[in-house]
Amino acid sequence: MKALLIWAVLLNFYKLPKTGDCASTHDQVLSIQVTTHQQADIVRNISSQYETVLWSPTSPEYIGAHTEVHLFVPANKLGTVTDLLQTHLLTHQVLLDNTEDLIEMQTRNESSDPRSSASYYERYHSLEDIYYWINKTAQDYPDMVKVTLIGSSYEKRPLYVLKLSGRQERAEKRAIWIDCGIHAREWISPAFCLWFVQYSLNFYNLNNDITEMLNSMDIYVLPVMNPDGYKYTWTTNRMWRKNRSLSKESNCVGTDLNRNFDANWCTKGASNRPCDEIYCGQFPESEPEAEAVANFLRSHKDSVKLYLSIHSYGQMLLFPYSCSNEEVPNHAELFELVQEAAMKVRRYYRNNYKYGASAKTIYLAPGGSDDWAYNLGIHYSFTFELEDRGRYGFLLPPSLISKACNEALLALKSIALRVIQKTQPQP
Ligand code: ARG
Ligand code: ZN
């Protein structure tokens with residue numbers, strides 16, 4: 001008992017507020033305000049050293065003269081980094097000072113917290129849990145869910161897709177594709193896929209929108225497109241983004257799966273250096289995860305009318321192109337769809353989402369799945385960046401999962417129902 005008490009005191013002591021950044025014993029996430037080109041150089045430099053991890057933007061090359069930079073800095077490098085910032089008159093705020101606590105909160109599961117009243121869908125789940133959930137869901141709803149294996153990851157983990165269907169038989173069913181978890185650290189993304197599946201199954205024949213969606217379209221859901229990376233964020237490095245493939249010419253691990261598709265592959269906005277976060281891989285679809293998705297879509301391209309890829313963070317509803325500043329032929333139509341969806345989210349959840357063509361709304365990012373799907377002929381193609389805008393970033397607490405998912409669900413339904421109208425088969 002006494003030992004326990006001492007333990008508790010020590011633990012709390014460890015959590016006492018710190019006097020200055022240098023004295024912090026915690027890893028932090030800093031928000032750094034860049035205002036000049038020279039400062040941009042400095043921050044680009046810092047962000048590729050000192051064991052820091054760039055949260056936003058995704059790659060140093062996206063840092064310009066007026067960028068707000070979110071940077072994860074490990075405790076033992078905080079002094080060095082903040083000194084450097086001061087020397088170059090860079091102002092910063094501490095966005096997060098309790099990353100360890102947040103990570104602990106996110107990985108707490110049923111067994112260590114048995115009386116937790118939060119429902120399954122308001123927590124994050126390990127890869128093993130998600131595989132179990134896929135199986136269980138298919139068993140519980142045999143008439144509405146079919147599971148297919150579309151390939152496997154670099155480390156040979158299965159890539160399962162759930163096919164959701166309404167109970168009405170219709171010839172020539174159209175389809176929607178949704179993938180989650182391309183990027184490992186964006187945990188809200190797989191959480192959304194689980195949320196969406198559960199919602200669809202629970203509210204079929206209760207909610208008009210989802211009933212109409214499932215009666216006119218099959219919905220393919222890939223809950224974790226990058227299982228190796230996701231696993232790695234649970235076991236080893238919470239900040240990991242890429243997959244876990246090894247490269248011949250370098251010791252660095254991983255390819256950015258959202259730079260590995262064949263859409264202006266590896267041009268400006270991607271990197272050919274294996275150590276970079278936006279490494280495009282050896283060739284288009286060199287990664288088994290990207291190849292599996294591309295193969296599936298190629299073989300279902302006539303039925304799939306709507307492609308959706310779920311990411312975080314930033315709160316954005318994006319459409320092609322990412323790989324070029326050109327406008328797609330149906331730009332105005334896609335713009336209307338995301339505008340309406342964003343308007344609904346603003347009205348019902350009082351939350352603002354940015355929207356627009358990707359390259360113009362964020363940055364050039366070639367090799368993305370949405371652009372590739374668009375060029376394949378799926379002309380309703382979107383990438384969602386879910387909550388938040390940087391308050392917690394990738395470490396969104398479990399208590400905020402439900403709001404993040406509900407508003408994304410509203411946006412998804414809004415777009416899907418419009419696409420159903422627009423792609424009505426001619427009688
Ligand atoms: N933030 C994501 C990324 O860097 C998405 C950027 C938009 N690109 C895209 N292809 N939709 O990969
Ligand atoms: Zn992402």
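As the structure lists them, so they are numbered: ligands from 1, and atoms in each ligand from 1.
The shortest N or O to N or O distance between Asp256 and ligand 1 is not below 3.5 Å. The distance criterion of under 3.5 Å between nitrogen or oxygen atoms is not met by His311 with respect to ligand 1.
Inspection of the Thr35 and Gln39 side chains reveals an N or O donor paired with an N or O acceptor under 3.5 Å. Residues Ser31 and Glu68 have side chains that bring a donor and an acceptor to within less than 3.5 angstrom of each other.
Atoms of ligand 1 found under 4.0 Å from any heavy atom of His183, numbered from 1 in the order shown, are 3 (C), 12 (O). Per-residue contacts place Ala365 under 4.0 angstrom from the following atoms of ligand 1 (heavy atoms of the residue considered): 8 (N), 10 (N). Contact atoms of ligand 1 toward Gly368: 10 (N) (distance under 4.0 Å to a heavy atom of the residue).
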Go through the steps to decide whether Trp372 and Trp265 satisfy the test ring-ring contact (aromatic ring centres under 6.0 Å, His included), and finish with yes or no. CA-CA 10 Å; Trp372 178 83; Trp265 178 78; over 10 Å; no
Could you go step by step and tell me if Phe394 and His183 meet the ring-ring contact (aromatic ring centres under 6.0 Å, His included) rule? CA-CA 11 Å; Phe394 302 119; His183 292 137; 8.9 Å; no
Stepwise side chain to side chain donor-acceptor pair (under 3.5 Å) test for Thr383 and Asp370: CA-CA 7 Å; Thr383 291; Asp370 51 356; 2.7 Å; yes
Apply the test ring-ring contact (aromatic ring centres under 6.0 Å, His included) to residues Tyr380 and Phe319: give CA-CA distance (whole Å), side-chain angles for both, the deciding distance (0.1 Å), then the verdict. CA-CA 8 Å; Tyr380 300 99; Phe319 58 83; over 10 Å; no
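Taking the six-membered ring for Trp and thresholds of 30 and 60 degrees, His379 and Tyr374 have ring planes inclined between 30 and 60 degrees apart. Note: Trp177 and Tyr307 have parallel aromatic rings, judged against thresholds of 30 and 60 degrees for the angle between ring planes.
In this structure, atom 7 (C) of ligand 1 lies nearest to the protein heavy atom Ser358 OG, 3.3 Å. Closest to atom 2 (C) of ligand 1, if we only count protein heavy atoms, is Glu385 OE2, 3.3 Å. Looking only at protein heavy atoms, the nearest one to atom 11 (N) of ligand 1 is Asp370 OD2, 2.6 Å. The protein heavy atom nearest to atom 4 (O) of ligand 1 is Arg259 NH2, 3.0 Å.
More than 12 heavy atoms of other residues, nucleotides or ligands sit less than 6.0 Å from atom NZ of Lys173.
Remark: distances from the non-hydrogen atoms of Ile362 to ligand 1 include one below 4.0 Å. Close to ligand 1: Arg241, with a non-hydrogen atom less than 4.0 angstrom away.
Per residue His311, closest N, O or S atom to the Zn ion (ligand 2): atom name ND1. Looking only at its N/O/S atoms, His183 has ND1 as the one nearest to the Zn ion (ligand 2).
For Lys231 and Glu128, the salt-bridge test passes: some basic side-chain N is under 4.0 Å from an acidic carboxylate O.
Comparing heavy-atom distances from atom 8 (N) of ligand 1 across Ser369, Ser322, Ser309, Gly269 singles out Ser322 as nearest.
At a cut-off of 2.8 Å, Glu385 is not counted among the residues with an N, O or S atom near the Zn ion (ligand 2).
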